[in-house]
Novice: 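This structure is in structure tokens; I'll ask about it shortly.
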Amino acid sequence: MAPAPGASPVARAHASEPSEGIRMKVTVVGSGFVGQTTALRIVQAGLAEVVLIDIVEGLPQGIALDIKESSPVERFEPLITGTNDYADTAGSDVVVVTAGFPRQPGMSRMDLLGKNAAIVRSVVEQIAPASPDAILVIVTNPLDEMTFLAAEVSGFPKERVLGMAGVLDSARLRTFIAEELGVSPLGVEAMTLGSHGDAMVALPSHATVNGTPLPELVDAATLDRLFQRTRDGGAEIVALLKKGSAYYAPSASIAQMVRAIAGELDEVLPVCAWCTGQFGITDTYVGVPARLGPRGLAEIVELDLSDEELRALREAAEGIRAKCADLAKL
Ligand SMILES: NC(=O)c1ccc[n+]([C@@H]2O[C@H](COP(=O)([O-])OP(=O)(O)OC[C@H]3O[C@@H](n4cnc5c(N)ncnc54)[C@H](O)[C@@H]3O)[C@@H](O)[C@H]2O)c1
């Protein structure tokens, strides 16, 4: 069957499948807050057919049915299935992994390492044989270390194992800048790199408000305050919710990465990706500017960074490398 006009490169590559109009198959593992909102965003945007899976019986089925029942009102094709069986995930183009514990008030992301490593390992052991050509988008925290673990366990080429954090952290920073200056966030550009945590690296040299460089609009103390609030952005929401962590901005950020993989977005995104010498960083995952496409990581884009930004990025990479070495001892 011919691919639909304007179909994504992934859909074209799969043009022999009976899926006219369906662009990709995306599995979302974990049907909690992040997983279910991600599934809704992807299916509602018509980006892909979605399979939602969880270990809890009935949960993904119930969420999928509820989402389907919203489709006549919201006017989208209800291409979503809920399941507890990995056989239903077979042949996925993209697998988003959100399975695992979220933070509770007072916890750091790193406190989740042991428990979530066991979950991510077991998920990837089941996902990889069912979808050997998939691109993995890891979301479970601690993000950088779980992305490394998923790459190790799957044995997939590193270009096909990515982590989502930078799109979210950058969105938070853009929101805080807009609030500070009383402008629409739509006119604010900003990017964060490094790790998803205390070693997040904000790039003042690449932040603009309606085209004006941010450092020309606020003083150094305000910049520091905005960056620190971004670093603590997840904890701020955890403290307010008191039970669980953020999911609306995270799911929007995951959907953005899926859109880029589908070839529908040609933007440089901050992505947790495997570096092979870029920015002087080799053989570790860390948040870097990247272009994505149907094969996963298309390229890491070596933006010009100030000496201070580059130093902080390299330090973040070394921190992640050390934590990943700790993973082996678990
Ligand atoms: N990378 C980011 O920027 C980012 C942002 C937000 C949340 N997160 C992380 O995403 C994860 C999920 O957060 P949430 O709010 O959806 O949590 P949640 O508790 O609402 O949902 C987690 C789901 O995972 C499921 N699960 C547990 N073990 C599983 C397994 N072995 N197989 C399949 N499913 C399994 C649970 O049953 C649950 O439904 C957490 O680790 C959280 O810290 C990351």
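The model shown is predicted, which means the values in this text are computed figures rather than measured ones. Whatever order the structure lists them in is the order used to number ligands and atoms, beginning at 1. Residue numbers run from 1 in the order of the sequence given.
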Novice: Show me which atoms of ligand 1 lie under 4.0 Å from any heavy atom of V56.
Specialist: 37 (O)
Novice: For ligand 1, which atoms, with element, lie under 4.0 Å from some heavy atom of L143?
Specialist: 1 (N)
Novice: Counting heavy atoms only, which of T37, I237, I55 comes nearest to atom 26 (N) of ligand 1?
Specialist: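 The option holding the nearest heavy atom is I55.
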Novice: Considering the heavy atoms of N141, write down every atom of ligand 1 situated less than 4.0 Å from one of them.
Specialist: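 Taking each heavy atom of N141 in turn, ligand 1 has 4 (C), 8 (N), 9 (C), 41 (O), 42 (C), 43 (O), 44 (C) under 4.0 Å.
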Novice: Can you sort out which atoms of ligand 1 are near P250, meaning under 4.0 Å from one of its heavy atoms?
Specialist: 5 (C), 6 (C)
Novice: Would you kindly specify which portion of S253 sits under 4.0 Å from ligand 1, judged on non-hydrogen atoms: side chain, backbone, both or neither?
Specialist: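 Neither; nothing of S253 gets under 4.0 Å from ligand 1.
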Novice: Is any N or O atom of A99, backbone or side chain, closer than 3.5 Å to an N or O atom of ligand 1?
Specialist: no
Novice: Between A165 and ligand 1, is there a nitrogen or oxygen pair with a distance under 3.5 Å?
Specialist: no
Novice: Can you tell me which portion of D54 lies within the under-4.0 Å heavy-atom range of ligand 1? Options are side chain, backbone, both, or neither.
Specialist: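 Near ligand 1, D54 shows its backbone as well as its side chain.
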Novice: Within the 4.0 Å heavy-atom shell around A246, which atoms of ligand 1 are there?
Specialist: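 Counting from 1, the qualifying ligand atoms are 6 (C).
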Novice: Tell me yes or no: between the side chains of E302 and Q278, is some donor less than 3.5 Å from an acceptor?
Specialist: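 Checked: E302/Q278 side chains show no N/O donor-acceptor pair below 3.5 Å.
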Novice: If the cut-off is 4.0 Å to any non-hydrogen atom of L59, which atoms of ligand 1 fall inside it?
Specialist: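 Every atom of ligand 1 under 4.0 Å from some heavy atom of L59: 39 (O).
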Novice: With heavy atoms under 4.0 Å as the rule, classify the contact between H196 and ligand 1 as side chain, backbone, both or neither.
Specialist: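 Contact part for H196 vs ligand 1: side chain (C-beta onward).
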Novice: Can you tell me how the ring of F148 sits relative to the ring of W274, calling it parallel under 30°, perpendicular over 60° and tilted otherwise?
Specialist: parallel
Novice: Which atoms of ligand 1 have any heavy atom of N116 under 4.0 Å away?
Specialist: 41 (O)
Novice: Between ligand 1 and Y247, can you find any atom pair, the residue atom being a heavy atom, that is separated by under 4.0 Å?
Specialist: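 Y247: no contact with ligand 1 (<4.0 Å).
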Novice: Taking G91's backbone N and O only, do any of them form a donor-acceptor pair with S131's side chain (distance below 3.5 Å, no angle check)?
Specialist: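 Yes, S131 side chain to G91 backbone: donor-acceptor pair under 3.5 Å.
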Novice: Hey, which atoms in ligand 1 end up nearer than 4.0 Å to a heavy atom of L168?
Specialist: 3 (O), 5 (C)
Novice: Taking both backbone and side-chain atoms of I53, is any N or O found less than 3.5 Å from an N or O belonging to ligand 1?
Specialist: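 In fact, backbone or side chain, I53 has no N or O that close.
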Novice: Is ligand 1 less than 4.0 angstrom away from at least one heavy atom of G244?
Specialist: no
